[in-house]
Structure formats: structure tokens, C-alpha cells
Amino acid sequence: MQTRDSNPPDGGYGWVVVVSAFIVMGLTAAVLKTFGLFFVEIQEHFDELASTISWITSITIATFHLGAPVASSLCVKYTHRAVVITGGLLAFSGMALGCLGLNMIWMYATTGFLQGLGISFSWTPAISIVSHYFSKKRALANAIASAGECAFAFTFGPFFQWLISQYGWKGALLIIGGTQLNICVCGILMRPLIISCRPEVSHSETPPGSGASKTDKEEKSTIAQRTFNWMLLRRPEFVLYAMFGILAAMSFFVPPLFLVPLSYSLGIDESWTASLLSILAMVDFAGRLLCGWYANLHLTKTVHLLTMTIMLISTSLMLLPLANNYLSLAIFTGFYGFFFGTTVAIHITVLAEVVGMSDFDSALGLFMLIRSTGGFLGPPLAGLIVDMAGDYRAGFYMAGATLILAAVFLVTLDQFQQRSEKGSHINTKSEKSTLPYTSFHFLKHQKRRYQDNDVVV
């Protein structure tokens with residue numbers, strides 16, 4: 001089978017894909033991000049500890065990450081479009097069944113597992129296909145697509161609060177599940193991009209006795225690229241970035257989960273509490289777009305920019321617990337949201353730079369799988385610390401400290417890449433300098449043999 005050569009269009013229909021991914025991000029990540037509004041309602045309904053309720057979000061996050069390699073493999077075998085549609089149906093099923101609210105085990109299985117699997121099957125192929133459609137503008141395209149999470153979270157905060165007050169938390173879950181069916185519509189718009197390249201080669205161009213033709217070799221190479229690459233686990237730079245992902249996931253999902261309970265503990269009214277999530281989403285949106293635009297200028301190495309934003313997030317989380325009223329809490333929440341947005345805008349772009357686009361689908365799935373351990377342990381660990389300390393502030397301190405460790409792995413990754421680049425440069429320079437020397441002695445040797453033979457004759 002022959003296909004035409006295709007490069008990333010960097011525009012055109014790619015922007016339709018970006019808009020579709022924008023909506024998918026909103027109906028998946030934004031729902032997960034604002035689920036903290038249901039925390040107190042579910043806790044009061046089942047009369048359980050904060051750590052017990054935290055397992056719902058923990059299972060959702062873990063399934064989201066664990067399902068990523070499966071989603072990536074299905075994207076390789078089938079299409080991104082088919083996987084996104086499947087994810088939309090799974091997300092709807094999780095919310096629709098979760099609204100029954102039978103017991104905590106039921107909530108873990110539906111709102112936790114099914115919803116997490118639906119998010120994984122929607123989010124992973126959506127962000128992946130955007131990277132395939134863009135090359136030079138990849139950072140900007142990823143930033144715009146990921147900004148859907150913020151734009152939807154900005155409206156979901158007060159909207160979910162209104163749904164809970166009007167229909168209760170169970171009715172709100174059912175309505176949200178119905179809204180998530182729009183993921184299927186977005187999936188239909190994600191037209192597959194031809195990525196295999198096989199030029200036409202006539203039989204006359206194939207030298208006799210050469211065995212497999214050049215065309216056959218290129219076809220095998222194309223097939224190899226369309227299989228899931230587990231060998232990425234042997235690459236040190238990928239392992240270092242995966243370790244960063246684990247620690248980042250341990251902290252990223254903690255602040256949205258405990259921001260609402262913290263505001264309640266400070267005596268802030270429910271209506272003002274919902275506005276905190278809207279502020280968080282608004283500045284997050286601005287941070288993603290600004291960082292994506294700046295990264296697209298290529299003025300700063302992307303991994304350096306990511307390291308800086310991680311340290312700024314950590315500082316914001318350490319300062320946030322100092323808030324003692326709505327105004328101060330809103331200010332610190334704004335700082336955290338902005339720097340979080342800058343991080344999310346570029347961390348997928350850094351992954352693509354670390355492994356290259358040929359292995360990007362596999363790397364994204366593996367990265368999400370490995371990062372799942374952090375998402376699985378983070379919320380329960382923070383919940384346990386909150387229960388032991390008796391104060392929601394402890395969860396924010398835990399998240400900030402974890403991000404400092406994450407930044408250490410980014411610095412190590414950068415140092416490793418610099419050493420590898422220097423070593424590659426030295427080897428290339430050595431080969432260039434050795435080639436004339438070798439050629440000179442070879443010619444001198446041939447000349448001596450010729451003279452000897454001439455004397456014998």
C-alpha cells in the first residue's frame with residue numbers, strides 16, 4: 001500500500017483539531033479539576049473521613065494515567081478519532097452510574113474508575129493528535145488546546161455549584177455526564193493525519209542481487225514506527241523526565257481538591273468559594289497562552305522554562321496557607337493558577353523534545369502510566385496529612401515540598417542532555433579530523449606499494 005508524503009501542516013485543518021482538543025480538555029480535565037466542589041457534599045452524604053473521600057479523585061487520576069498506554073496503543077492500531085469517541089462514552093457512563101450513589105465502593109468503581117478511563121481515552125489521543133498536526137507552532141498549539149481546561153473550569157465552578165444547589169450532587173453528576181457526550185462529537189472532527197511516507201520506486205532502480213529493495217526496507221521502518229515502543233524505559237533522559245512526572249502528579253491534584261474545604265474552614269461563604277475556582281481557571285488560562293506564545297519564540301530552552309515555572313508553583317503553594325481571608329486567599333490562588341498554567345502549557349512539548357516525534361505516542365502513554373503512581377498516592381497522602389494535622393493547610397505544604405524535588409530531576413535531565421550534546425559534538429569533530437589523517441596514510445601506503453612493485457619488475 002502506498003501513501004503520499006505528509007508533513008505536519010502547521011495550520012489549516014490543524015486548527016479545527018486544536019479547537020476540538022480544546023473542548024475535550026474542558027470536558028475531561030476541567031471536570032476533574034472542579035470535582036472538589038462535590039467533596040464536602042459526598043463526605044456529608046456518606047459520613048466518611050477526608051482521606052476516604054479522597055480515594056475517588058485518586059482512583060480517577062490513577063486510572064487516567066494507567067489507561068494512557070492503552071489509549072496510545074489503540075491510537076497506533078486504530079485512529080485517534082475512534083479512541084476519543086470511546087472515551088466520551090466511558091466518561092458519560094461513569095457519571096451516569098455514579099449518580100446512583102449506592103456506597104463508597106460504587107463511587108470508586110463509577111465516578112472513580114469509569115470516569116478516569118473515559119478521561120484517559122479522550123485526553124491522551126486529543127493532545128497527541130495536536131502534536132502530530134503541528135511542528136514549528138507545536139508549543140502554541142498545545143497551549144491553546146490545553147487552555148480548554150481553564151476556560152471550562154472558569155464556568156464550571158459557579159455552574160457546578162448551581163447544579164448542586166438545584167438538583168443535589170447526584171443530579172449534578174448526571175447532567176455533567178450528559179454534557180461529556182459532546183466529547184464524541186469532538187472525536188469525529190479529529191481527522192486522521194497521514195504519517196507514513198513511502199515513495200514510489202521502480203524495479204529498475206533496484207540493483208540485482210541486493211536482496212530486499214529500498215522500498216521494502218522503508219515499509220518495514222514505517223511499520224516499526226507504528227508499534228508501541230516499550231524500549232523508551234531504557235533511555236535515561238526519559239526515565240528522568242518520568243520521575244519528574246511522578247512528583248509533579250503527587251502535588252498538582254492536591255490544591256484543587258483542598259482549596260474549597262480550606263475556604264470553608266476560614267469561614268468564607270459558599271458563593272465566594274466557587275469564585276475561587278473561577279479565578280484559578282482564569283489566571284491558569286492566561287498563564288498557558290502567555291507561556292505558549294513565549295515558548296513559540298524559542299528564546300529560552302523549554303526545559304529551563306519548565307524548571308523555572310515549577311519552582312514558582314512551589315513558592316506559591318508554600319505561601320497560600322498564609323491566607324486568612326477571602327482577599328488574601330484569592331491573591332495566592334491567582335499566583336498558583338498562573339504558574340500552574342505556564343507549566344501545563346509546555347510540559348508535553350518538553351516530552352516531545354526529549355524523545356522525538358517518532359516515539360511521541362509511545363512516550364506519552366508511558367509517561368502517563370509512570371506518572372499515575374504520583375496521582376494515585378498524592379491525594380490520599382495529602383488527605384492523611386490533613387487528618388493527622390487537623391488543618392487543610394498541611395496538604396498545600398506537602399504539595400509545595402514535592403515540587404521542589406520534582407525540579408531537581410529537571411535540572412538533572414538538563415545536565416544529562418548537555419553532556420550528551422557535548423559528547424556527540426566531540427565525536428563528530430573527532431571523526432572529521434581523523435578522516436583526512438587516515439586518507440593521507442592510506443594514499444602514502446598505496447604509493448609505497450606501487451614503488452616496491454615497480455622495483456621488483
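Only this structure's heavy atoms are used, side chains among them; waters, hydrogens and symmetry mates stay out.
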Exercise. Evaluate the side-chain proximity of Ser131 to Asn142: yes if any heavy-atom separation is below 4.5 Å, no if none is.
Key: yes

Quiz prompt | Thr60 side chain vs Thr111 backbone, donor-acceptor pair below 3.5 Å | solution = yes

Self-check item: Minimum heavy-atom distance between Leu305 and Ala295, given as atom pair plus value
Solution: CD2-CB, 4.3 Å

Exercise. Kindly indicate whether the side chain of Phe238, heavy atoms from C-beta on, has any atom under 4.5 Å from the side chain of Leu366.
Key: yes

Quiz item: Do Leu74 and Phe121 pass the side chain to side chain contact (heavy atoms under 4.5 Å, CB included) test, and can you show the C-alpha distance, the side-chain angles, and the key distance before you say yes or no?
Solution: CA-CA 9 Å; Leu74 292 175; Phe121 276 37; 3.7 Å; yes

Exercise. Any chance you could measure Leu232, atom CG, to Ser362, atom OG, to the nearest 0.5 Å?
Key: 6.0 Å

Practice problem: Keeping the roles fixed (side chain from Thr343, backbone from Phe339), state whether a donor-acceptor pair exists under 3.5 Å. | Solution: yes

Self-check item: Note, Phe338 side chain near Asp284 side chain (heavy atom, < 4.5 Å)
Solution: no

Practice problem: Identify the two heavy atoms, one from Pro69 and one from Gly365, that lie closest to each other, and give their separation to 0.1 Å. | Solution: CG-O, 3.1 Å

Quiz item: Within the distance-only criterion (no hydrogens, no angle test), does the side chain of Thr342 pair as donor or acceptor with the backbone N or O of Cys291 below 3.5 angstrom?
Solution: no

Quiz item: Under a 4.5 Å cut-off applied to non-hydrogen side-chain atoms, are Tyr294 and Thr300 in contact?
Solution: yes

Quiz item: Counting distance only, does the side-chain N/O of Gln115 pair as donor-acceptor with the main-chain N or O of Ala91 below 3.5 Å?
Solution: yes

Quiz item: Which heavy atom of Leu117 sits nearest a heavy atom of Thr63, and at what distance?
Solution: N-CG2, 3.4 Å

Practice problem: Please answer whether the main-chain N or O of Ala82 pairs with a side-chain N or O of Thr86 as donor and acceptor at a distance below 3.5 Å. | Solution: yes

Quiz item: For Leu97, does its backbone N or O pair with a side-chain atom of Trp106 as donor and acceptor, under 3.5 Å?
Solution: yes

Quiz item: How would you list all residue pairs meeting ring pair (Phe, Tyr, Trp, His ring centres under 6.0 Å) that involve residues 345-375, not counting sequence neighbours?
Solution: Tyr241-Phe367

Practice problem: Please confirm whether the backbone N or O of Ile246 pairs with a side-chain atom of Arg371, one donor and one acceptor, at under 3.5 Å? | Solution: no

Practice problem: Let me see the working for Phe335 and Leu319 under side chain to side chain contact (heavy atoms under 4.5 Å, CB included), right down to the final yes or no. | Solution: CA-CA 10 Å; Phe335 279 116; Leu319 294 175; over 6 Å; no

Practice problem: May I ask you to check whether Trp15 and Phe134 place their ring centres under 6.0 Å from each other? | Solution: yes

Quiz item: Okay, side chain of Arg288, backbone of Ala143: is any donor-acceptor separation there less than 3.5 Å?
Solution: no

Quiz item: Should we count OH of Tyr108 as having more than 12 external heavy atoms under 6.0 Å?
Solution: yes

Quiz item: Is there side-chain contact between Phe252 and Phe340, with at least one heavy-atom pair below 4.5 Å?
Solution: yes

Quiz item: Closest approach of Thr307 and Ala407, non-hydrogen atoms and distance?
Solution: CG2-O, 4.3 Å

Quiz item: How about Thr402 and Ser251: does a side-chain donor come under 3.5 Å of a side-chain acceptor?
Solution: no

Practice problem: Assess whether side chain to side chain contact (heavy atoms under 4.5 Å, CB included) is satisfied between Met190 and Val24, documenting all intermediate values. | Solution: CA-CA 11 Å; Met190 293 180 178; Val24 171; 4.0 Å; yes

Quiz item: Do the rings of Phe258 and Tyr392 sit parallel, tilted or perpendicular, given the 30° and 60° boundaries?
Solution: tilted

Quiz item: Would you say the side chain of Val386 lies within less than 4.5 Å of the side chain of Met398, judging by non-hydrogen atoms?
Solution: no

Quiz item: Can the ring centroids of Phe64 and Trp123 be said to lie less than 6.0 angstrom from one another?
Solution: yes

Quiz item: Where do Leu27 and Phe156 land on the side chain to side chain contact (heavy atoms under 4.5 Å, CB included) test, with the steps shown first?
Solution: CA-CA 10 Å; Leu27 295 176; Phe156 278 176; 4.2 Å; yes

Quiz item: Looking only at heavy atoms, what is the nearest atom pair of Ile385 and Ala394, with distance?
Solution: CG2-CB, 3.5 Å

Quiz item: Got a sec, which residues hit side-chain contact (heavy atoms from CB on, under 4.5 Å) with Gln43, two or more places apart in sequence or on another chain?
Solution: Phe39, Ala50, Ile53

Exercise. Identify the two heavy atoms, one from Cys184 and one from Ile85, that lie closest to each other, and give their separation to 0.1 Å.
Key: SG-O, 3.5 Å

Quiz item: Excluding sequence neighbours, so at least two apart, what forms salt bridge (charged side-chain N to carboxylate O under 4.0 Å, His left out) with Arg235?
Solution: Glu237, Asp359

Self-check item: Ile119 backbone acceptor or donor facing Ser122 side chain under 3.5 Å
Solution: no

Quiz item: Side-chain contact, heavy-atom cut-off 4.5 Å: Phe244 with Leu306?
Solution: yes

Quiz item: Atom CZ in Phe396, atom CG in Asp391: separation rounded to 0.5 Å?
Solution: 10.0 Å

Quiz item: Any idea how Tyr13 and Tyr133 line up, ring-wise: parallel (<30°), tilted (30 to 60°), or perpendicular (>60°)?
Solution: tilted

Exercise. Evaluate the side-chain proximity of Val17 to Leu189: yes if any heavy-atom separation is below 4.5 Å, no if none is.
Key: no

Quiz item: At what distance, to the nearest 0.5 angstrom, does NE2 of His304 lie from CG of Asp414?
Solution: 3.0 Å

Quiz prompt | Donor-acceptor under 3.5 Å (Thr155 side chain, Phe152 main chain) | solution = yes

